[in-house]
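Okay, structure first, notes after.
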Amino acid sequence: MKKERKKALQRVIAQLENPYPDDNMISSYHDFLKVRHYLRFFQFNPIVFANLLRITIESWESKKRVNRLALIITLKQYFKRTLQESINEDNSKNRIIKFPLSPDTKKMLFNLFKLTIKEGKRISEKQLPKAIAVCNNMFINMELSETEQEWLCNNASVSETVLNRVLRYPVKSDIISSWAKNNFQNNSFRNRRAEIIGWVLDQEPNFEVEKQTIIDDFNYLHKSDLEAVRRYDDEIIANKIIEREFRDFLPKKKQQPFDFSEGSFHDDEMIELSKPELKLSSRIYPVPYKDLKKYPGGIPDFEKLRQRFFSGVERIHKSTMISAIGYSRLDNDTKSVLLKKYCFKETWDLLFRISKKNKNLSFLKWLLEQEN
C-alpha cells in the first residue's frame, strides 16, 4: 500500500511540475524501473528517449528477467505528447511528420520494430501483438531510408502490420512503386488492390486497372473465404472431440500461464484449447452476411455476394480506381483530373469522401458546380 501511495504521489507531482529530465536520468534498466510510472509526465528530452530506446534493444536479447513490453509502452507514452505536438505544428501538405529525433535514434526505433517482427519469441505470445502495435505506431508517417523501405517490402508477406507500413508509406517511393508492380498479381495482396494501384499511379498517373483483374480478385477472395470457413468448422469439430475425449485434462477454470522469462504461470499437465479464429477478406464493396450466431461477426452470404458483385462489377471497377487515386501520393490537381473520369451518380458518395479526406478543395468545388 505504501509503495502504491508513493507511485501515485510521484505521478501527480511530475504531472504538475512537468520537469525537464537530465540527460543521464536513464542509463540502465534499473534506472528505468525507478521512473517508469511517471516518466510520461516529464518534458521530452531526445537524449533520454534515445537512452531508453537503446536499453530496450539491448534488453531484447538479454537472458535476464526484464519486462520488454513495459519498456516499449513507456517509450510510446514518453514520446506520445511530443509526437502529437509535431503533428499539430506541421501545417505543410507533406504527409511526413517532422520527428524531433536524430537519424541514429530513428534508425534504432526502426530496428526495435524489426525485432518485434523477426525476434518475437523473446516476448510472450500474448504480449507480442501489443508490442508490435506500439512499435509500429511510433514510426507511422516517419521518413525511412531506402534500406529500411526495402526491408519493409521484403517482409510485406510476414505480417499485416509490415504490409500496412509499405502500402501506407506517406510519400512517393520508387522502391515501393516497383514492389507494387512486381506484386500486382500476388494473391497475398489481392484484398489490398486499391492501395497497390495507388503506388502504380504514383509513377503512371494514367494507369487504369483491367476489369478482369477486379474479377480475378473477387474469385480468389471468394475461394479463400470459403476455405477459411471450412477450416474454422473443422477446428470447432476438433475442439469438441478433444473436450469429449480429454475432459479430465482440461482446466476447470481459466488459468494464467506462467512463463518464467516474462513472469507468468503454466501447468504442463493441463491442455489449453485455443479458440479458432475466423479471419475473412476485407473488401471495398458491401458484403451481405448470415449465420451471425454460429460465427463471430457472421459469414458472407456467398451466393448473394457473387450475384451482387457481377451485377455491379462496373461500379466496383470505378470505385476501385477512385479509392486508388485517393490512396496515391499524387498532388490534388492531378487527382482532380483523374477523379473526374469516374464521376457518376453511383460513385458520388465515394468521390465526396475521398476528396474530403484528401482535403481536395478544387475537386470539392467542381463537384458543387455539377449540382447547379
Side-chain angles (χ1 to χ4, degrees), residues 129 152-169 176-177 179-202 207-237 275-328 342 344 346-347 349-351 353-354 357:
L152 288 175
C153 289
N154 292 336
N155 291 274
S157 297
V158 174
S159 161
E160 187 173 0
T161 302
V162 179
L163 178 60
N164 286 339
R165 295 286 62 75
V166 173
L167 294 177
R168 297 172 187 175
Y169 190 64
I176 299 178
S177 286
W179 170 87
K181 292 176 182 178
N182 292 334
N183 287 274
F184 203 76
Q185 299 299 335
N186 190 324
N187 289 337
S188 298
F189 310 131
R190 286 189 181 276
N191 65 327
R192 310 295 290 270
R193 177 60 62 198
E195 292 160 284
I196 293 282
I197 296 170
W199 281 103
V200 177
L201 289 171
D202 284 353
F207 173 82
E208 182 177 78
V209 67
E210 294 181 2
K211 194 184 304 179
Q212 185 58 48
T213 298
I214 303 300
I215 294 173
D216 292 343
D217 290 345
F218 172 83
N219 287 331
Y220 176 82
L221 297 178
H222 202 72
K223 181 179 178 181
S224 178
D225 283 352
L226 282 168
E227 179 63 21
V229 172
R230 185 195 65 77
R231 287 197 304 269
Y232 180 85
D233 288 340
D234 289 346
E235 289 179 23
I236 291 292
I237 293 172
K275 189 175 181 180
E277 181 182 3
L278 179 58
K279 189 171 184 179
L280 301 173
S281 305
S282 59
R283 305 169 190 252
I284 67 168
Y285 42 85
V287 177
Y289 283 91
K290 65 176 184 178
D291 293 333
L292 297 177
K293 293 183 178 180
K294 183 179 179 181
Y295 301 95
I299 61 170
D301 185 326
F302 290 103
E303 187 57 37
K304 280 186 179 179
L305 178 58
R306 175 174 286 278
Q307 292 173 358
R308 290 187 184 182
F309 174 82
F310 283 100
S311 64
V313 67
E314 291 285 349
R315 176 184 54 78
I316 293 171
H317 178 257
K318 294 184 181 74
S319 297
T320 301
M321 285 304 304
I322 292 170
S323 298
I325 294 166
Y327 280 124
S328 76
Y342 303 101
F344 298 90
E346 64 269 24
T347 61
D349 287 344
L350 180 59
L351 285 166
R353 293 197 307 271
I354 292 293
K357 183 177 181 180

Are side-chain heavy atoms of [X] and [Y] found at a separation under 4.5 Å?
X      : Y      : answer
Cys153 : Tyr169 : no
Tyr220 : Asn191 : no
Phe309 : Ile215 : yes
Leu280 : Val229 : yes

Using 0.5 Å steps for rounding, measure from the [atom1] atom of [X] to the [atom2] atom of [Y].
X      : Y      : atom1 : atom2 : value
Lys211 : Thr213 : NZ    : OG1   : 12.0 Å
Arg283 : Leu221 : CZ    : CG    : 5.0 Å
Glu346 : Glu314 : CD    : CD    : 9.5 Å
Ile197 : Ile322 : CD1   : CD1   : 12.0 Å
Tyr289 : Lys304 : OH    : NZ    : 14.0 Å
Arg308 : Leu305 : CZ    : CG    : 8.5 Å

If every non-hydrogen atom of [X] is compared with every non-hydrogen atom of [Y], which pair is closest and at what distance?
X      : Y      : result
Ser323 : Leu350 : OG-CD2, 4.0 Å
Ala156 : Val166 : CB-CG2, 4.3 Å
Glu235 : Glu277 : OE1-N, 4.3 Å

Can you confirm whether more than 12 heavy atoms, excluding those of [X], are under 6.0 Å from its [atom1] atom?
X      : atom1 : result
Lys181 : NZ    : yes
Glu210 : CD    : no
Glu160 : CD    : no

Practice problem: Check the side chains of Gln212 and Asp216 for a donor-acceptor pair under 3.5 angstrom, ignoring hydrogens and angles. | Solution: yes
Practice problem: Verify whether one side chain among Tyr295 and Asp233 offers a donor that lies under 3.5 Å from an acceptor in the other. | Solution: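 The answer is yes; a qualifying pair exists.
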Self-check item: Positive for side chain to side chain donor-acceptor pair (under 3.5 Å) with Tyr342, one of Glu208, His317, Arg315
Solution: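 Exactly one pass, corresponding to Glu208.
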Any donor-acceptor pair under 3.5 Å from [X] side chain to [Y] backbone:
X      : Y      : answer
Ser177 : Trp199 : yes
Asp225 : Ser281 : yes
Ser319 : Ile316 : no

Quiz item: Should the ring pair Trp179 and Phe189 be called parallel, tilted or perpendicular, given that the plane angle runs from 0 to 90° and is split at 30 and 60?
Solution: tilted
Quiz item: Do Arg193's NZ or CZ and the ring of Phe184 fall within the cation-pi criteria of under 6.0 Å and 45°?
Solution: yes
Practice problem: Could you walk me through whether Val209 and Ile214 pass the side-chain contact (heavy atoms from CB on, under 4.5 Å) test, one step at a time? | Solution: CA-CA 8 Å; Val209 67; Ile214 303 300; 4.0 Å; yes
Practice problem: Output yes when Arg353 and Asp349 qualify as a salt bridge under the 4.0 Å nitrogen-oxygen rule, no when they do not. | Solution: no
Self-check item: Electrostatic pair Glu303:Arg306 at N-O distance under 4.0 angstrom
Solution: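 Here Glu303 does not pair with Arg306 in a salt bridge, since their nearest N and O are not under 4.0 Å apart.
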Exercise. Have a look at Ile196 and tell me which of Asn186, Leu201, Leu167 forms a side chain to side chain contact (heavy atoms under 4.5 Å, CB included) with it.
Key: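 Running side chain to side chain contact (heavy atoms under 4.5 Å, CB included) over Asn186, Leu201, Leu167 with Ile196 returns exactly one hit, Leu167.
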